[in-house]
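Take a look at the structure set out below.
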Amino acid sequence: KEIIVVDDGSDPPLEELFQKDEKRLDQDPACRLRFLRHEQTTGLMAAKLTGGREARGDVVAFIDCHCAPQMHWHKEILEQVRIN
C-alpha cells in the first residue's frame with residue numbers, strides 16, 4: 001500500500017505543506033506516503049505518468065488536486081476490483 005503525491009512545481013513544495021499539518025500524515029501505518037516533485041510545472045498528464053511509473057501496487061488510482069477524498073474512499077473501489 002502506498003500513496004504517491006506528485007508535486008507538479010508547486011511553490012511552496014507540497015511536502016512542506018503536508019509536514020506543517022501532521023493530521024494529513026496521520027494514516028494507516030501499513031500505507032507508505034511518498035512525495036515526488038517536478039521542479040517546474042509539466043502538466044497534469046506528465047504528473048500522472050510520473051506517479052504511475054513509480055507506483056508499486058497492483059491497482060493504481062489517480063486523484064486530481066481539486067478532489068477531496070473522504071476517509072477510506074478506496075475500500076469500495078478495491079472491493080469491486082477484487083470481485084471482478
Side-chain angles (χ1 to χ4, degrees):
K1 291 182 179 182
E2 67 181 342
I3 296 172
I4 299 173
V5 176
V6 179
D7 180 345
D8 193 32
S10 295
D11 184 25
L14 286 177
E15 188 169 7
E16 293 176 15
L17 296 175
F18 273 76
Q19 289 173 346
K20 289 179 183 177
D21 185 357
E22 293 297 323
K23 291 178 185 175
R24 291 184 185 185
L25 296 175
D26 185 20
Q27 59 182 336
D28 181 346
C31 187
R32 184 172 155 216
L33 177 61
R34 292 197 298 149
F35 287 91
L36 306 175
R37 179 164 168 75
H38 293 164
E39 290 303 317
Q40 296 180 337
T41 300
T42 59
L44 177 64
M45 289 311 300
K48 287 182 178 186
L49 287 170
T50 296
R53 278 193 292 270
E54 290 291 321
R56 298 187 181 117
D58 295 328
V59 176
V60 177
F62 295 96
I63 301 174
D64 295 336
C65 64
H66 62 277
C67 298
Q70 299 299 311
M71 189 74 115
H72 307 296
W73 65 272
H74 62 288
K75 290 186 178 191
E76 180 62 29
I77 294 170
L78 293 176
E79 179 61 19
Q80 291 302 314
V81 169
R82 187 189 67 75
I83 291 169
N84 294 305

Nearest-0.5 Å distance, [atom1] of residue [X] to [atom2] of residue [Y]:
X: Leu49; Y: Leu44; atom1: CG; atom2: CG; value: 9.5 Å
X: Asp11; Y: Thr41; atom1: CG; atom2: OG1; value: 9.5 Å
X: Glu15; Y: Leu36; atom1: CD; atom2: CG; value: 9.5 Å
X: Thr42; Y: Lys48; atom1: OG1; atom2: NZ; value: 12.5 Å
X: Ser10; Y: His38; atom1: OG; atom2: NE2; value: 11.0 Å
X: Ile4; Y: Arg53; atom1: CD1; atom2: CZ; value: 11.5 Å

**Report entry** Listed partners of Glu76 passing side-chain hydrogen bond (donor to acceptor under 3.5 Å, both in side chains), at least two apart
**Finding:** Gln80

Report task. Check Ala61 against Trp73 and note the closest heavy-atom contact, atom names and distance. Result -> CB-CH2, 4.0 Å

Query raised in the report: Shortest non-hydrogen contact from Pro69 to Ile63?
Result: CG-CD1, 3.8 Å

Requested in this report: Not counting sequence neighbours, which residues clear salt bridge (charged side-chain N to carboxylate O under 4.0 Å, His left out) with Arg82? List them please.
Outcome: Glu79

Query raised in the report: Quick check: does any side chain N or O of Asp8 sit under 3.5 Å from a backbone N or O of Gly43, one acting as donor and the other as acceptor?
Result: yes

Query raised in the report: Does atom CG of Asp64 have more than 12 heavy-atom neighbours, drawn from other residues, nucleotides or ligands, at distances under 6.0 Å?
Result: yes

Query raised in the report: Less than 4.0 Å between a side-chain N and a carboxylate O, is that true for Arg34 and Glu54?
Result: yes

Requested in this report: Check whether Ile3 and Val60 end up in the same hydrophobic cluster, where Ile, Leu, Val, Met, Phe, Trp and Tyr are linked by side-chain heavy atoms less than 4.5 Å apart.
Outcome: no

Query raised in the report: Is it true that Leu14 and Leu33 fall in one hydrophobic cluster, defined by side-chain heavy atoms closer than 4.5 Å?
Result: yes

Requested in this report: Determine whether Arg56 and Glu2 make a side-chain contact, defined as any pair of heavy atoms from C-beta on separated by less than 4.5 Å.
Outcome: yes

